[in-house]
Amino acid sequence: MVWDLLGHLWRLQRSLREETEKGLEHLGISGLEAWLLRVLQLHPYPSEAARRMGLPLPTVSHMLKRLEEGGFVVRALDPKDLRRFAFRLTDRGEEALSRAEALMAEALRRRLARLSPEEVQALLGLLARLEEA
């Protein structure tokens with residue numbers, strides 16, 4: 001049962017990613033980079049973003065370098081601690097994130113349309129319970 005459940009979750013996530021991949025490539029970002037843009041809005045420090053995403057800091061640092069080179073984010077010194085850098089989205093980053101979220105929402109909406117409104121609410125509740133520590 002465990003592997004069946006994990007398999008379903010993994011295949012759903014993978015199919016959503018594959019469905020949105022071309023649109024994201026057109027924007028110049030990957031699905032993981034789009035997620036990082038979203039996380040940076042609330043957690044602008046690389047270590048915080050890495051922790052929130054459950055990714056190693058070197059992976060997030062590499063993604064941030066790519067996003068910075070692409071003009072999606074800018075790095076700024078933290079005025080409270082000049083040893084730390086924070087990242088913020090540029091206008092290009094905000095636009096890319098908005099379009100990426102629309103692509104992902106549409107892909108997910110098509111799948112959720114197979115469920116009744118009650119089933120969607122039940123699914124949300126069950127997933128929230130499974131996420132609890």
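Bear in mind that the values here come from a model prediction, so they are computed numbers and not experimental data.
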> If a pair satisfies salt bridge (charged side-chain N to carboxylate O under 4.0 Å, His left out) and one of its residues is in residues 33-44, list it, with sequence neighbours excluded.
Glu33-Arg66, Arg38-Glu101
> With sequence neighbours excluded, what pairs up with Ser15 under the side chain to side chain donor-acceptor pair (under 3.5 Å) test?
Arg111
> Starting from Val73 and following side-chain heavy-atom contacts under 4.5 Å between hydrophobic residues (I, L, V, M, F, W, Y), which residues can be reached?
Leu24, Leu27, Ile29, Leu32, Trp35, Leu36, Leu37, Val39, Leu40, Met53, Leu55, Val60, Met63, Leu64, Leu67, Phe72, Phe87, Leu89, Leu97, Leu103, Met104
> Quick check for you: to the nearest 0.5 Å, what is the distance between Leu77 atom CG and Phe85 atom CZ?
4.5 Å
> With Arg75, which residues qualify under side chain to side chain donor-acceptor pair (under 3.5 Å), at least two apart?
Glu68
> Kindly write out the residues that satisfy side chain to side chain donor-acceptor pair (under 3.5 Å) with Arg109, not counting sequence neighbours, or none if the list is empty.
Glu106
> Would you mind listing every salt bridge (charged side-chain N to carboxylate O under 4.0 Å, His left out) that reaches into residues 21-31, with sequence neighbours excluded?
none
> Under the side-chain hydrogen bond (donor to acceptor under 3.5 Å, both in side chains) rule, what pairs show up with a residue in residues 89-99, not counting sequence neighbours?
Gln41-Glu94
> Taking ILVMFWY side chains as joined if any heavy atoms are under 4.5 angstrom apart, and letting links pass through other members, which residues group with Leu6?
Val2, Trp3
> Please enumerate all residues that pass salt bridge (charged side-chain N to carboxylate O under 4.0 Å, His left out) together with Arg14, with sequence neighbours excluded.
Glu18
> Could you note down all residue pairs passing salt bridge (charged side-chain N to carboxylate O under 4.0 Å, His left out) where residues 41-62 supplies at least one of them, sequence neighbours left out?
Glu48-Arg84
> Throw together a table of side-chain donor-acceptor distances under 3.5 angstrom for residues 121-133, partners on residues two or more places apart or in other chains.
none

> On a heavy-atom basis, which atom in Thr20 and which in Ala107 lie closest, and how many Å separate them?
CG2-CB, 3.9 Å
> Would you please name every residue forming a side chain to side chain donor-acceptor pair (under 3.5 Å) with Glu69, sequence neighbours left out?
none
